[in-house]
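Following: one structure in structure tokens, then a few remarks.
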Number of protein chains: 2
Amino acid sequence: MKPETDARTDTRKKILDLAEVLMLSRGFNAFSYQHISGELGVRNAAIHYHFPKKTDLGVALIERYRRRFARYVEAQAELPPPAQLDRYFSLADTYYNKQQICPSGILSAELHTLPPEMRQSTASFVEEMRAWAVDIVRRGQAAGVMHYLGTPEGMGTIVFAAMQGSLQLARLDGTALDEVKQQIRLLLGMVQA
Amino acid sequence: MKPETDARTDTRKKILDLAEVLMLSRGFNAFSYQHISGELGVRNAAIHYHFPKKTDLGVALIERYRRRFARYVEAQAELPPPAQLDRYFSLADTYYNKQQICPSGILSAELHTLPPEMRQSTASFVEEMRAWAVDIVRRGQAAGVMHYLGTPEGMGTIVFAAMQGSLQLARLDGTALDEVKQQIRLLLGMVQA
DNA sequence: GCGACTCTACTTACTGGTCAGTAAGGTGTC
DNA sequence: GACACCTTACTGACCAGTAAGTAGAGTCGC
């Protein structure tokens, strides 16, 4: 009984992985259990065995994001703030290359059609991401490696909002993401103007 | 035969108005002809009479936005750039107060599930909005009433992306929109830091 | 000034497809 | 023999879209 080939967690994980791809490219409401079961070579009811309601799948997806994000933040806690920002930018590039948008983007856009449990998880997730962006620019300022107008709250929030927005725009206009990234670097005093 | 009470254009307009509200709060895929016909007190097929396919309704919605936006831009072409920015901010407040997001936000988020005709219209619409934001900050800079780092393209794009993103975030965190608006004013050198 | 025709703007009634979700049964493993 | 992990088979809801019919208003010939 090798845990790494345990069928139980294996199928469950495959479902989550597929659901993740579908959600980030099409949205939560625009994919069905059929999309997953077809790709996975199982029947629809197999998905319902692991996630009885679609809401359960949605909440599990968001909670997995939150855990992953927490690990991600912790893993690079020791990096200097500009390097953390670069990592953030690379993450956005990864989404862009897959023609996806960020989880907070799709979830906040679809918010009013999501079940209450998912809305709750989304609110926590988005608040954690925003707080992290604020934290980066705050520590960047404190360390003297970032210089900008206004407060860390204002600057962090606009960075987060602009990245979310530009990832969506980038699917229509490929230059938007690079342009926004470059402008953020400028506004944070990280490049010579 | 008074044209202002012409039943023809009247029902058609009511359908578009209702579809607009539904799209900005729930998204294009998350409303049905039933939602509209129920509210309007007509049968489903009546909507199909005016808009045979849902795609037709979607394209009509976007094209109406584009015409409205073009008029909006022209109507305030003589205003000084900071005043135009304020109008843009008020528009965002209007959406926020109705718990809606901006059309470009929902359309770009749902992009991959939209029919090709709608994608085409969306691309044109978004490009027009972005160009307008760039134009405001370009003329603001030229008039000496806006001062910022980088190019008008970079600054206009980040303003547009940040506004789109913050309108989405504002449904989860009521402070996001005001924070981003204030930060934009700061970054454009429109307030004393 | 009146019947015949036509057009707009609907209606009723339906189809086929997709959806989430359920119940009951089977199969292999500890 | 109990349990995890599926299957087959189904339900009811909702969906976009269509076909055929109709009420009323305007138009035309005469």
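Chain letters run A, B, ... following the sequence lines, proteins first, then strands; residues in each count from 1.
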Residues which pass ring-ring contact (aromatic ring centres under 6.0 Å, His included) with Phe125(B), listed by chain and number, not counting sequence neighbours:
Tyr65(B)
Salt bridge (Lys or Arg N to Asp or Glu O under 4.0 Å) pairs, two or more places apart, involving residues 22-51 of chain A:
none
Spacing between His50(B) atom NE2 and dG17(D) atom P, to the nearest angstrom:
16 Å
Residues that Glu117(B) engages under salt bridge (charged side-chain N to carboxylate O under 4.0 Å, His left out), provided they are two or more places apart
none
Counting only side-chain nitrogens and oxygens, does Thr11(B) get under 4.0 Å of the OP1 or OP2 atom of dC10(C)?
yes
Atom OH of Tyr49(B) and atom P of dC7(C) are separated, to the nearest Å, by 12 Å
Do the side chain of Gln183(B) and the main chain of Leu149(A) share a donor and acceptor less than 3.5 angstrom apart?
yes
Let's see if you can work this out: which of dT8(C), dT7(D), dG21(C) has an atom nearest to the side-chain heavy atoms of Ala46(A)?
dT7(D)
Considering residues at least two apart in sequence or located in another chain, which fulfil the ring-ring contact (aromatic ring centres under 6.0 Å, His included) criterion with Tyr33(B)?
His48(B)
Name every residue in residues 23-38 of chain A that has at least one heavy atom under 4.0 Å from any atom of DNA chain C, in order of residue number, or write none if there are no such residues.
Phe31(A), Ser32(A), Tyr33(A), Gln34(A), His35(A)
Holding to salt bridge (charged side-chain N to carboxylate O under 4.0 Å, His left out), I want the full list of residues that pass it with Arg87(A), two or more places apart in sequence or in another chain.
none
I'd like a table of atom pairs between the protein and nucleotides 9-12 of chain D - only N or O on both sides, under 3.5 Å - with the distance next to each one.
none

Does DNA chain D take part in any stems of at least 3 consecutive Watson-Crick or G-U pairs (both distances under 3.5 Å), and if so, which ones?
C:1-30 with D:1-30
Measure from CG on Asp56(B) to C1' on dA16(D) and round the result to the nearest Å.
12 Å
Report the nucleotide, chosen from dG17(D), dC6(D), dT8(D), that has the shortest atom-to-atom distance to any side-chain atom of Lys54(B).
dG17(D)
Got a sec, which residues hit ring-ring contact (aromatic ring centres under 6.0 Å, His included) with Phe69(A), two or more places apart in sequence or on another chain?
Trp132(A)
Residues pairing under side chain to side chain donor-acceptor pair (under 3.5 Å) where one sits in residues 154-172 of chain B, two or more places apart or in two chains, turn out to be Gln164(A)-Gln168(B), Gln168(A)-Gln164(B), Gln168(A)-Gln168(B), Ser104(B)-Gln164(B), Ser108(B)-Gln164(B), Arg130(B)-Thr157(B)
dA4(D) P sits how many Å from Ile15(A) CD1, rounded?
16 Å
Leu40(B) has an atom CG; how far is it from atom P of dA9(C), in whole Å?
14 Å
Do Leu85(B) and Ile184(B) make a side-chain contact, defined as non-hydrogen atoms from C-beta onward lying under 4.5 Å apart?
yes
Expressed in angstrom and rounded to an integer, what is the separation of Arg43(B) atom CZ from dG21(D) atom C1'?
15 Å
Roughly how many Å is it from CD1 in Ile47(B) to P in dT12(C), rounded to a whole number?
14 Å
For the side chain of His48(A), counting heavy atoms from C-beta on, which of dA20(C), dC10(C), dA16(D) is nearest?
dA20(C)
Check whether Asp178(B) reaches the backbone of Thr175(B) with its side chain - one donor and one acceptor, N or O, closer than 3.5 Å.
no
Nucleotide nearest Lys53(A) (side chain, heavy atoms from C-beta), chosen from dT18(D), dT8(D), dT22(C):
dT22(C)
Restricting to pairs with a member in residues 89-116 of chain A, which pass salt bridge (Lys or Arg N to Asp or Glu O under 4.0 Å), not counting sequence neighbours?
Asp93(A)-Lys181(A)
Can you sort out the partners of Phe31(B) under ring-ring contact (aromatic ring centres under 6.0 Å, His included), two or more places apart, ordered by chain and number?
Phe28(B)
